[in-house]
Amino acid sequence: MTHHPTHSAHPHGNDAGLTTTPVRGRAESPGAVPPAIATLHARLDAALSGDARAWLDQALAEAAGHQDEAPEGPLSLWEVRFAEAGRRCGPEYADAVRLLLLQAAGPGPATLSRIYAQGTAAERRAVLHALPHLVTGPAALPLVEDALRTNDTRLVAAAVGPYAAEHLDAHNWRHAVLKCLFTGVSVDTVAGLAERARADTELARMLADYANERTAAGRPVPEDLHRVLCLTGRPALSTTPSAPSTAPTGEES
Amino acid sequence: MRIFDPHIHMTSRTTDDYEAMYAAGVRAVVEPSFWLGQPRTSPASFIDYFDSLLGWEPFRAAQYGIAHHCTLALNPKEANDPRCSPVLDVLPRYLVKDNVVAVGEIGYDSMTPAEDTALAAQLQLAADHGLPALVHTPHRDKLAGLRRTLDLVRESALPPERVLIDHLNETTVREAKDAGCWLGFSVYPDTKMDEERMVAVLEQYGPEKVLVNSAADWGRSDPLKTRKVGDALVKAGFGEDYVDQVLWRNPVAFYGLSGRLTLDVPQPDATHEGNSILRGTPKTEA
């Protein structure tokens, strides 16, 4: 894994994207590419057409060669490549291509924040996916928190990956899990779910309260809720007394 | 009947509209950036709006099975406000985005020097970014506005076959067609065009390069006008292929000039248990 030396005690604020101090350099050498990224690159190479592959090689070279500072014009060249990835390589490969570009460019926290803030939803998702590969400390947490404030399930799902599992504080992590249940993001998406949920009595309480609220309203309790509750170690919910007799499903049992 | 509404302001519409549009056959829309009704006071307000057209609105549309693209620009009305015109400096970083299929709406409102400047600058931006342009024609002094628009297009780096002139009517269609531009018609409940007049225009001028839109927004308008034009065409005896050309293939061809049109609706990562727009699964009847 590549990593940068920042270990800020406090996650930087939302305005940190305006600073231009590069904290981290780009990937030092091809040898520094993590195996997961190398595998992804190999898979892409196999899947892409010749034109798209040539474009990607060129774009990766531009990304690896750039200076990590605010561009003089509206965008640096590799950022243009980052933006146009979908139409150059096909929308189905945009996430993977953008991840490779971010890895090659190795943007520091300030640049990463700017790329996220100026990105489309698809570009923001790519930044979120890249966080565990690019940032070792909690400095990028504001991006995760921003994504978790949205109601866009693509962003919520991307936000609850390994980076959040490692760095998100307990309160925000619990709310992230609950938000997944609310918005229909599968909890399979939540990285480190079993480890972080284990013996989390506060999460168990929140889940039970939510189940109660759903039951009181005559609405089904999401199956995922029972799964997470089980992971906390709390006994499964018995039939809630307040559930109307016309309770819609047997999921409460 | 498959329908592509090439000009509709979904930000101002409800999920009921999306649902009704899908039921009517709408599978793709283009949302041009425009005036919000309430004047903006800074470029930051545009930035949030552009971000929404590239983020939240396509997500909303996808929930209803509709592909959403946008056109971005400084609109004609606010081109006159010096507090807003600096957004022209921000546009280049937006015009490289995958979902942006044209520069627009640009054009004239009151035909001022500031509007001349913004229109010329944005036609150049379109040429620089390999994008076509969606050009609004003014409501007041329309024919004069059209002629001035066509003059600026001729002077620009953007060829007329990459320009869609919108809000045309019986008095302006001929000159726009002769100029070689694409021809846009907005069908409204009371103003602009209506279904019967649209049929008559098509009978007279043919379907080539003609696009029909609802231009539905926050005002009195109807997001199903595209379908109603389709029905009127069928009633008037036009065949399925003809209707498909006007309501689907023409908009696909025009916005396809950008090389960025993706008509497969991207499904959100997770929908198994309702979602954030549907606000949870509905209460189930026993």
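First the proteins, then the strands, lettered A, B, ... as listed; each starts at 1.
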Donor-acceptor pairs are to be reported for all side-chain atoms of residues 41-53 of chain B against protein atoms at under 3.5 Å, with residues two or more places apart or in another chain.
unit_1, atom_1, unit_2, atom_2, d
B/S42, OG, B/A44, N, 3.2
B/Y49, OH, B/F34, N, 3.2
B/D51, OD1, B/Y94, OH, 2.8

Closest non-hydrogen atoms of B/G55 and A/R154, given as atom of the first, atom of the second and distance, are O-NH2, 3.2 Å

To the nearest 0.5 Å, atom CG of A/N151 lies from atom CZ of B/F59 at 7.5 Å

Query - Over 12 non-hydrogen atoms of neighbours within 6.0 angstrom of CZ in A/R43 - result: no

CG (A/D152) and CD (B/Q63) are apart, to the nearest 0.5 Å, by 8.0 Å

Residues passing the salt bridge (charged side-chain N to carboxylate O under 4.0 Å, His left out) test with A/E84, sequence neighbours excluded, are A/R81, A/R87, A/R88

Go through the steps to decide whether A/T120 and B/N99 satisfy the test side-chain contact (heavy atoms from CB on, under 4.5 Å), and finish with yes or no.
CA-CA 9 Å; A/T120 63; B/N99 257 27; 5.8 Å; no

Cut-off 4.5 Å, heavy atoms of chain B, and the answer for A/E92 is neither

So, the part of A/A122 with a heavy atom under 4.5 Å from chain B: the answer is neither

Q) For A/G86, does its backbone N or O pair with a side-chain atom of B/D98 as donor and acceptor, under 3.5 Å? A) yes

Item to check | Over 12 foreign heavy atoms within 6.0 Å of CD, B/E161 | outcome: yes

